[in-house]
Amino acid sequence: MTDFASAIAAIVRGKFLKSESLSHYTSWRTGGVADYLFIPADLDDLANFLKQLPKTIPLTWLGLGSNTLVRDGGVEGVVVVTQGALNKLTETKPHLIRAEAGISAAQLARFSARLGSAGLEFMAGIPGTVGGALAMNAGCFGGETWKFVQSVETINREGEIKVRPLSDFQVSYRHVVRPNEEWFVAGNFSLVPGDKEKLLNDIRELLEKRNHSQPTGTANCGSVFRNPPGNFAGRLIEECGLKGKNQGGAHVSEKHANFIINEGHATAADIESLIQEVRAIVQEKTGIQLTPEVCIIGRQ
Ligand SMILES: Cc1cc2nc3c(=O)[nH]c(=O)nc-3n(C[C@H](O)[C@H](O)[C@H](O)COP(=O)(O)OP(=O)(O)OC[C@H]3O[C@@H](n4cnc5c(N)ncnc54)[C@H](O)[C@@H]3O)c2cc1C
């Protein structure tokens with residue numbers, strides 16, 4: 001390990017790994033290695049780590065990696081992984097829930113429903129973390145993460161934690177602009193009273209609906225493209241005849257055209273080149289330029 005890495009390894013309580021393959025941390029199950037990967041033991045450990053990390057080392061954050069394509073060349077610097085860490089979930093006042101960034105969206109949905117707090121049921125089918133849902137303004141079936149945010153807690157490179165109101169963020173469809181060099185460590189969600197049994201039943205129905213329409217049980221990243229205004233990316237891709245299109249070990253799902261599946265041996269380059277091909281064909285045939293929803297990171 002280099003000097004900075006040895007100094008950090010000596011002070012942190014969490015896992016600090018060198019040359020760790022990110023294919024284990026993303027739902028597409030492919031991609032290169034992180035120069036270093038850090039899974040904090042808790043928020044204090046994360047703050048200590050950030051204080052110690054030289055400011056010149058690039059930092060990247062991952063939750064459950066369910067919306068991220070890591071290129072085969074891997075990621076420079078340190079990747080901080082919050083899944084399995086930052087995992088406190090509490091009701092701070094009636095119908096006000098604090099969830100740390102590494103809590104899964106599904107866990108938050110069920111926890112809220114069991115408390116008889118309504119609003120976050122849609123999160124039950126989103127296979128990401130609270131941090132990822134805040135970063136992406138994740139949503140489905142009419143629900144959106146930021147509709148329920150009362151405030152968020154962020155951390156910066158000095159390890160300082162700030163509580164920020166909604167007005168500090170620019171929030172739009174699957175896109176959030178946050179203060180530079182700050183990352184989410186928790187969200188405070190303001191919900192409304194609801195009937196516990198009905199909420200749990202709504203979650204069950206919602207999951208059934210997803211199982212019918214999405215290729216569950218495969219390695220994918222959910223919707224690859226954002227829906228363009230007044231249209232659906234999946235419909236446009238299907239109308240262009242692209243369902244089933246292949247590139248190496250990647251193919252456009254037959255079940256939902258906005259999903260790209262890794263059949264098991266796809267490289268990140270296969271997936272990225274299929275994304276570009278689909279985009280070019282849709283543009284040529286319909287004049288509509290699709291914007292990727294997935295985050296593509298790392299060296300080529
Ligand atoms: C089968 C399937 C179905 C899906 N369905 C939906 C859906 O219905 N609706 C929907 O919106 N999405 C959906 N997604 C996409 C994905 O689950 C969401 O975008 C989710 O919110 C991503 O969370 P994550 O923790 O996996 O984020 P990651 O993929 O780990 O990260 C996504 C982005 O968020 C950033 N990030 C992660 N954590 C933090 C943090 N703590 N602070 C700052 N930035 C952070 C990352 O740097 C990256 O840029 C689906 C994905 C799959 C695989």
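Whatever order the structure lists ligands and atoms in, that order sets their numbers, starting from 1. Just the heavy atoms: all of them, side chains too, but no hydrogens, waters or symmetry mates, feed the values below.
In this structure, the side chains of Ile97 and Phe148 stay at 4.5 Å or more apart for every pair of heavy atoms.
For atom 38 (N) of ligand 1, the nearest non-hydrogen atom from the set Gly187, Gly132, Pro215 belongs to Gly132. Nearest-residue assignment for atom 40 (C) of ligand 1 (options Phe259, Phe141, Phe184; heavy-atom criterion): Phe184.
Residue Gln83 places every heavy atom at 4.0 Å or more from ligand 1.
Here Ser223 has no heavy atoms under 4.0 Å from ligand 1, in either its backbone or its side chain. With a heavy-atom cut-off of 4.0 Å, Asn220 touches ligand 1 through backbone and side chain alike.
For Asn227 (side chain) and Phe232 (main-chain N/O), no donor-acceptor pair under 3.5 Å exists by modelled atom type.
Near Arg174, the atoms of ligand 1 lying under 4.0 angstrom from a non-hydrogen atom of the residue are 11 (O). Near Arg210, meaning under 4.0 Å from any of its heavy atoms, are these atoms of ligand 1: 3 (C), 4 (C), 5 (N), 6 (C), 7 (C), 8 (O).
The shortest heavy-atom contact between His256 and Pro215 is CB-CD, 4.1 Å. Between Lys55 and Leu50 the shortest heavy-atom distance is NZ-O, 3.7 Å.
Relative orientation of the Trp183 and Trp61 rings is parallel, given thresholds of 30° and 60° on the angle between their planes.
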